[in-house]
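The basis for the numbers below is simple: all heavy atoms, side chains too, and nothing from hydrogens, waters or symmetry mates. Throughout, protein chains are lettered first and strands after them, A, B, ... in sequence-line order, and every chain is numbered starting at 1. This is a predicted model, so every value here is computed, not measured.
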Protein chains: 2
Amino acid sequence: MSATPAEHLRPLSPDEEALVRSLGRVMYALPRAIDADMVGDRQLPLTEYTALMNLSEAPGRQMRMSELAAACHLSLSGMTRTVTRLETQGLVERVRCEEDARGWNAVLTDAGLARLQESWPSHLAAVRRRFLDHFEGMDLVRLTQAFQRIGTTG
Amino acid sequence: MSATPAEHLRPLSPDEEALVRSLGRVMYALPRAIDADMVGDRQLPLTEYTALMNLSEAPGRQMRMSELAAACHLSLSGMTRTVTRLETQGLVERVRCEEDARGWNAVLTDAGLARLQESWPSHLAAVRRRFLDHFEGMDLVRLTQAFQRIGTTG
DNA sequence: GAAGTTTGCTTGACCAAGCAAGCAGGGGTT
DNA sequence: AACCCCTGCTTGCTTGGTCAAGCAAACTTC
């Protein structure tokens, strides 16, 4: 965990340093900007949008709480509360899991699907404008591979 | 603000879609991972580290609250609370601004500088391991340019 | 130079997230 | 079938952030 082998203590090259300095934009400014766009536009915070979107793609429009939490990069307790919020809006329902009665499935309701469909243009526009537009002409595949590896290191 | 011109509603290409799907790693997993590393290692949250670092590079080791907030991608009130925390640890002091008595400067103390110096290896290691290592061989300069543009769009 | 406005920062109320503890339902072992 | 531990989710508490309102100093306009 806090292993800091010598290799990782090699000083940053100027290019690396510049990249690290710009990292705050992506880690802090970007999620807030996208979230603010979506809240301003459709009253749907990014976390809730992400949950709805993941559910809409799952078989039976439902997922176990723990799966959904992982898919949304949220802790399990965070997902409990997010789903509670969505439930009070009627966008999601909780259904006991058939094959394991300890488990619950979050199920996307018709209202939830409608909300998602009404909101995706806003999400798409925000993502393009705040993020994708700035990567025009770059090798998106390589970039994706790099992004996917992040947060993977144990 | 919520302008969603047609261009922004063009559907995502498969490559764009994959990139967007991997974005959560950078926006959510990455900051938590770096922060957790630093807290586990040196008991210094990333936000506080960033504030100390910015101060250490400023002339006179001091900055106006609003400058510092912007540099750390934090709201002004968020920075007020961060500086308060740092102040109670003796790492920073608040000094009235001479040329404008409404303003305050956050000043890095010697203890703050020492704390920073004892913590940077941990930050460096976390940033390399969680982030830079995954971008080996890529064009860091272009990437930096892209990152810098993010969060800029009004 | 006094009144009204704007600016810089802090404070109060609130909210979303995390962690750790709790609880309820499996599943093995005897 | 009684026990025990393990697993899946929720709950209580804390933390760290935002927004909006407040306060004090500085500008502006007359």
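Counting only heavy atoms from C-beta on, B/Trp104 has its side chain closest to C/dC9 among D/dG17, D/dT10, C/dC9. Of all nucleotides listed (D/dT18, D/dT10, C/dG25), C/dG25 comes nearest to the side chain of A/Arg102. Set against D/dC9, C/dG18, C/dA24, the side chain of A/Ser75 has C/dG18 as its closest nucleotide. Considering only side-chain atoms of B/Arg32, the nucleotide from C/dT10, C/dG18, D/dG17 that sits closest is C/dG18. The side chain of A/Thr80 lies closest to D/dT11, out of D/dT11, D/dC6, C/dT6. Side-chain proximity of A/Leu74 to D/dG17, D/dG8, C/dG18: nearest is C/dG18.
One interatomic measurement links the two molecules: CG of A/Asp35 to P of C/dC15, which rounds to 15 Å at whole-angstrom precision. The CG atom of B/Leu76 sits 17 Å away from the P atom of D/dC23 (whole-angstrom rounding). If you measure from atom CE of B/Met65 to atom P of C/dT11, you get 10 Å, rounded to the nearest angstrom. Between A/Met63 atom CE and D/dC9 atom P the separation is 11 Å, expressed in whole Å. Here C/dT10 presents its P atom at 13 Å from CG of B/Leu86, a figure rounded to the nearest Å. If you measure from atom CG of B/Asp100 to atom P of D/dC27, you get 6 Å, rounded to the nearest angstrom. The distance between atom CD of A/Glu99 and atom P of D/dC9, rounded to the nearest whole Å, is 11 Å. The distance between atom CZ of B/Arg85 and atom C1' of D/dT15, rounded to the nearest whole Å, is 8 Å.
A sub-4.0 Å separation between OP1 or OP2 of D/dG16 and a side-chain N or O of B/Thr47 is absent. Look at A/Arg64 and you won't find any side-chain N or O under 4.0 angstrom from OP1 or OP2 of D/dG8. Put simply, A/Arg96 has no side-chain N or O that comes within less than 4.0 Å of OP1 or OP2 on D/dC9.
When heavy atoms are screened at a 4.0 angstrom cut-off, A/Arg81 is found touching base atoms of the nucleic acid. Nucleic acid contact for A/Ser66: sugar-phosphate only, since backbone atoms but no base atoms lie under 4.0 Å from a heavy atom of the residue. Residue contacts shown for A/Thr84 are absent, as no nucleic acid heavy atom lies under 4.0 Å away.
Ion pairing of B/Glu7 with A/Arg128 is absent here, as no side-chain N (NZ or NE/NH1/NH2) approaches a carboxylate O to less than 4.0 Å. Salt-bridge check for B/Arg61 with B/Asp110: passed, with a basic side-chain N closer than 4.0 Å to an acidic carboxylate O. Salt bridge A/Arg149/B/Asp133: absent, no basic N to carboxylate O contact under 4.0 Å. Electrostatic pairing of B/Arg115 and B/Glu118 counts as a salt bridge here, judged by a charged N lying under 4.0 Å from a carboxylate O. Salt bridge annotation for A/Glu16-A/Arg21: absent, with no cationic side-chain nitrogen under 4.0 angstrom from a carboxylate oxygen.
For A/Ser77 and C/dC19, a side-chain-to-base donor-acceptor distance below 3.5 Å is present, hydrogens and geometry of angles not being considered.
Listed here is the closest heavy atom pair of A/Ala51 and A/Leu86: CB-CD1, 4.0 Å.
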